[in-house]
Visitor: 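Mind having a look at this structure? Questions to follow.
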Amino acid sequence: MTVTLGPASTDAPALTRAVPARPGVRLRSLPRPGLLVAGAYLILLVVAAAWPAALAPADPLAADPLAVLSPPSVTHWFGTDHLGRDVLTRVVHGAGHSLTIGVVATAVAVAGGVLLGLLAGLTHRVADEALSRTFDALSAFPMLLLALLFIAIAGPGTASLIVAIGIATLPHHARVVRGQTLLVRRANYVEQAVTFGQSRPRLVLRHVFPNVVGPMPVLAVIGLGEAILAAAGLSFLGMGPQPPSPEWGAMLSEGRNYLQVAWWITILPGLAVTATVVSLTVVGRHWQARFDGRRR
């Protein structure tokens, strides 16, 4: 018996069928797990900085001679240091110190960078050349070296640390703003505004400044991680907040002499610094990709 296969019936259901995309509907990819973890950690960090007592109600300076160098346990999750102080409590309360130093130093760098970058991009060519060469010369030196030079002149302390990090990271922001300013000042809408007779201050405030500061929040988030890392490094060298302040860099400095017998005093605050820098970098790179239009 021979069976002839004819054309398939149009009434038969198809096993696979392509679903056309409707106009105006975009398929958005789910956030990456790393981005979610980084965002959750940063939220926890902000809570620790704003309300440390909610996560660690104990006193970070309270010493217990009977619990000196106790390893991590149910009583002390992160162990205790050489004075019997709870390391977890000090790490939580130290988040406010480290985050405040990083945020204020980044704000100083961004504010100074925007001001000097606009000045370089809008002034005469001679002034622009002088400022540009200054930015290049400062950028050629490592950030920590410039910060150490300023602290050597002004003296150690929290205020000196903030200003030193702000000045050391300022040239990078200034160069970005200068480049954006040179692009914006040649745009058609700026030339039209000049043709219509708008004053120079009004031209800068209404047309140049809003279009120049667009990428600065993204750079500030990435720069915040660098500022926190630099603050921890300088505090480790004794240039920042002094003991018994529960600042992460100062905790690293205090625990380095006990690394062989009590690793948790140094390793756990170091992990807090590392997690903060990595999380800020992940979130900052994600925002930068969205700003550049590389990610939906």
Side-chain angles (χ1 to χ4, degrees), residues 98-99 101-186 204 208-209 211-237 239-240 249 273-274 276-289 291-292 294:
S98 297
L99 194 60
I101 292 173
V103 169
V104 178
T106 303
V108 170
V110 171
V114 170
L115 179 62
L116 293 178
L118 282 172
L119 184 63
L122 295 175
T123 53
H124 193 268
R125 184 175 180 179
V126 176
D128 178 27
E129 189 70 19
L131 288 172
S132 299
R133 298 293 77 79
T134 302
F135 299 153
D136 294 339
L138 293 176
S139 299
F141 291 93
M143 181 181 65
L144 288 179
L145 182 60
L146 287 177
L148 282 172
L149 178 62
F150 180 85
I151 293 176
I153 298 174
T158 303
S160 299
L161 182 64
I162 291 173
V163 176
I165 296 174
I167 292 177
T169 55
L170 184 149
H172 173 67
H173 298 285
R175 293 175 67 182
V176 173
V177 173
R178 174 187 173 273
Q180 289 291 113
T181 303
L182 293 178
L183 291 176
V184 171
R185 66 181 294 182
R186 297 186 179 95
V204 172
V208 178
F209 180 77
N211 293 282
V212 164
V213 298
M216 297 312 296
V218 176
L219 296 178
V221 172
I222 299 175
L224 177 58
E226 298 176 354
I228 291 176
L229 182 61
L234 292 171
S235 295
F236 178 82
L237 298 176
M239 302 296 178
V273 176
T274 303
T276 301
V277 175
V278 171
S279 298
L280 287 169
T281 303
V282 169
V283 173
R285 295 300 182 187
H286 176 75
W287 285 356
Q288 185 178 27
F291 182 82
D292 295 339
R294 298 195 303 266

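Keep in mind the model is a prediction, meaning the values are calculated, not measured.
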Visitor: So if I apply the side-chain contact (heavy atoms from CB on, under 4.5 Å) rule between Leu280 and each of Leu229, Ile222, Ile228, which one comes out positive?
Guide: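 Of all the options given, the one that passes is Ile228.
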Visitor: Of all heavy-atom pairs between Gly166 and Ala109, which one has the smallest distance, and what is that distance?
Guide: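 Minimum heavy-atom contact is O-CB, 3.5 Å.
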Visitor: Is it true that Arg133 and Glu129 have a side-chain N and a carboxylate O under 4.0 angstrom from each other?
Guide: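 Salt bridge between Arg133 and Glu129, a charged N being under 4.0 Å from a carboxylate O: yes.
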Visitor: Evaluate the side-chain proximity of Leu116 to Thr134: yes if any heavy-atom separation is below 4.5 Å, no if none is.
Guide: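 With C-beta onward as the side chain, the pair stays apart.
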Visitor: More than 12 foreign heavy atoms under 6.0 Å from CZ of Phe209: is that the case here?
Guide: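 Counting neighbours around CZ of Phe209, 12 or fewer heavy atoms of other residues, nucleotides or ligands fall under 6.0 Å, so no.
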Visitor: Please find the pair of heavy atoms, one from Leu234 and one from Ala147, that lie closest to each other, and give the distance.
Guide: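 Of all heavy-atom pairs spanning Leu234 and Ala147, the closest is CD1-CB, 3.7 Å.
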Visitor: Can you tell me how far the CG atom of Leu224 sits from the OG1 atom of Thr276, to the nearest 0.5 Å?
Guide: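 Leu224 CG to Thr276 OG1: 9.0 Å, rounded to 0.5 Å.
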Visitor: Hey, does Val177 have a side-chain heavy atom less than 4.5 Å from the side chain of Leu118?
Guide: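 Yes, their side chains come closer than 4.5 Å.
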Visitor: Kindly write out the residues that satisfy side-chain hydrogen bond (donor to acceptor under 3.5 Å, both in side chains) with Ser235, not counting sequence neighbours, or none if the list is empty.
Guide: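 Counting only residues at least two positions away or on another chain, Ser235 forms a side-chain hydrogen bond (donor to acceptor under 3.5 Å, both in side chains) with Glu247.
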Visitor: Could you note down all residue pairs passing salt bridge (Lys or Arg N to Asp or Glu O under 4.0 Å) where residues 163-183 supplies at least one of them, sequence neighbours left out?
Guide: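 Passing the test, one end in residues 163-183: Asp128-Arg178, Asp136-Arg175.
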Visitor: Gln180 and Asn211: side-chain contact (heavy atoms from CB on, under 4.5 Å), yes or no, with the steps?
Guide: CA-CA 8 Å; Gln180 289 291 113; Asn211 293 282; over 6 Å; no
Visitor: Check whether any side-chain N or O of Thr106 sits under 3.5 Å from a backbone N or O of Ala220 as a donor-acceptor pair, and report yes or no.
Guide: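 Absent.
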Visitor: Show, in sequence, the C-alpha distance, side-chain angles and deciding distance for Leu146 and Ile167, and conclude whether the side-chain contact (heavy atoms from CB on, under 4.5 Å) test is met.
Guide: CA-CA 8 Å; Leu146 287 177; Ile167 292 177; over 6 Å; no
Visitor: Please assess His173 against Val114 for the test side-chain contact (heavy atoms from CB on, under 4.5 Å), listing each intermediate value before the final yes or no.
Guide: CA-CA 7 Å; His173 298 285; Val114 170; over 6 Å; no
Visitor: Could you list the residues that satisfy side chain to side chain contact (heavy atoms under 4.5 Å, CB included) with Ile162, not counting sequence neighbours?
Guide: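 Partners of Ile162 by the side chain to side chain contact (heavy atoms under 4.5 Å, CB included) criterion, ordered by chain and then number, come out as Ile101, Val104, Ala105, Thr158.
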Visitor: What are the two closest heavy atoms between Gly155 and Ser160, and how far apart are they?
Guide: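 So the two residues come closest at O-OG, 2.8 Å.
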Visitor: As an exercise, state the distance from CG of Leu138 to CG of Leu170, rounded to the nearest 0.5 Å.
Guide: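 Reported value, rounded in 0.5 Å steps: 8.5 Å.
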Visitor: So which heavy atom on Ile151 is nearest to which on Ala164, and how close?
Guide: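 For Ile151 and Ala164, the tightest heavy-atom pair comes out as CG1-CB, 3.7 Å.
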Visitor: From Ile165 CD1 over to Leu144 CG, what is the distance, rounded to the nearest 0.5 angstrom?
Guide: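 The CD1 atom of Ile165 sits 8.0 Å away from the CG atom of Leu144.
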Visitor: Taking side chain as C-beta onward, heavy atoms only, is Phe141 less than 4.5 Å from Leu149?
Guide: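 Phe141 vs Leu149: side chains apart.
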